[in-house]
Amino acid sequence: MTNQLQDGTVMTMIRHADLKPSIPCSPRNSPSVRRHDRRDYRWLLTASMMLFLPVSVITRVLPRNFRPLAAPKGTRESCWAEARRAANAVLPYAFEW
């Protein structure tokens with residue numbers, strides 16, 4: 001459907017049904033897949049934290065310069081927070097494939 005304005009320009013009307021969705025509704029974007037990915041991320045986060053927690057506890061005896069998971073200077077954090085920070089730093093690389 002086209003309309004001509006007073007100044008001579010033609011305006012084309014587009015029906016809503018003619019528009020394509022901006023984000024394709026692929027199986028990868030479905031809510032069930034996202035829910036499954038969130039669950040997998042939580043499981044991997046928990047497992048990786050259980051791997052980093054002993055490292056954080058054991059390295060507490062080392063000087064701060066030699067600790068692989070140490071917090072930035074001027075801040076202090078618990079072993080649990082160090083393990084969580086390390087897991088959050090490493091885990092996103094598992095989902096890049």
Side-chain angles (χ1 to χ4, degrees):
M1 175 188 297
T2 60
N3 292 336
Q4 189 167 8
L5 301 176
Q6 290 177 353
D7 62 354
T9 59
V10 177
M11 187 168 90
T12 304
M13 305 295 287
I14 299 174
R15 293 181 307 175
H16 181 67
D18 294 337
L19 298 175
K20 294 180 182 177
S22 59
I23 299 175
C25 189
S26 69
R28 187 73 191 144
N29 290 334
S30 68
S32 64
V33 172
R34 287 191 304 246
R35 186 172 36 252
H36 187 266
D37 284 348
R38 278 194 307 265
R39 187 182 64 216
D40 287 349
Y41 185 84
R42 286 186 194 128
W43 276 106
L44 286 173
L45 181 67
T46 303
S48 60
M49 280 183 64
M50 293 304 119
L51 291 174
F52 283 116
L53 188 61
V55 173
S56 177
V57 170
I58 292 169
T59 59
R60 284 293 171 129
V61 298
L62 296 174
R64 186 178 198 85
N65 296 339
F66 296 117
R67 290 195 344 220
L69 305 177
K73 288 191 175 207
T75 60
R76 294 181 55 104
E77 60 185 8
S78 65
C79 292
W80 186 261
E82 279 186 11
R84 185 173 181 90
R85 186 172 41 80
N88 280 324
V90 171
L91 195 56
Y93 295 109
F95 285 89
E96 284 190 2
W97 299 94

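Remember, predicted model here, so these are calculated numbers, not experimental data.
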Only distances under 3.5 Å count here; give the side-chain donor-acceptor pairs of residues 48-56 to other protein atoms, sequence neighbours excluded, each with its distance to 0.1 Å.
{"from": "Ser48", "atom 1": "OG", "to": "Leu44", "atom 2": "O", "distance (Å)": "2.9"}
{"from": "Ser48", "atom 1": "OG", "to": "Leu45", "atom 2": "O", "distance (Å)": "3.1"}
{"from": "Ser56", "atom 1": "OG", "to": "Cys79", "atom 2": "O", "distance (Å)": "3.3"}
{"from": "Ser56", "atom 1": "OG", "to": "Glu82", "atom 2": "OE1", "distance (Å)": "2.9"}

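Side chain of Thr59 to main chain of Leu62: no donor-acceptor pair is present (N/O by atom type, distance under 3.5 Å, no hydrogens or angles).
Surrounding CZ of Arg85 are more than 12 heavy atoms belonging to other residues, nucleotides or ligands, all under 6.0 Å away.
Put simply, CZ on Arg84 and CG on Leu91 are 10.5 Å apart, with the number rounded to the nearest 0.5 Å.
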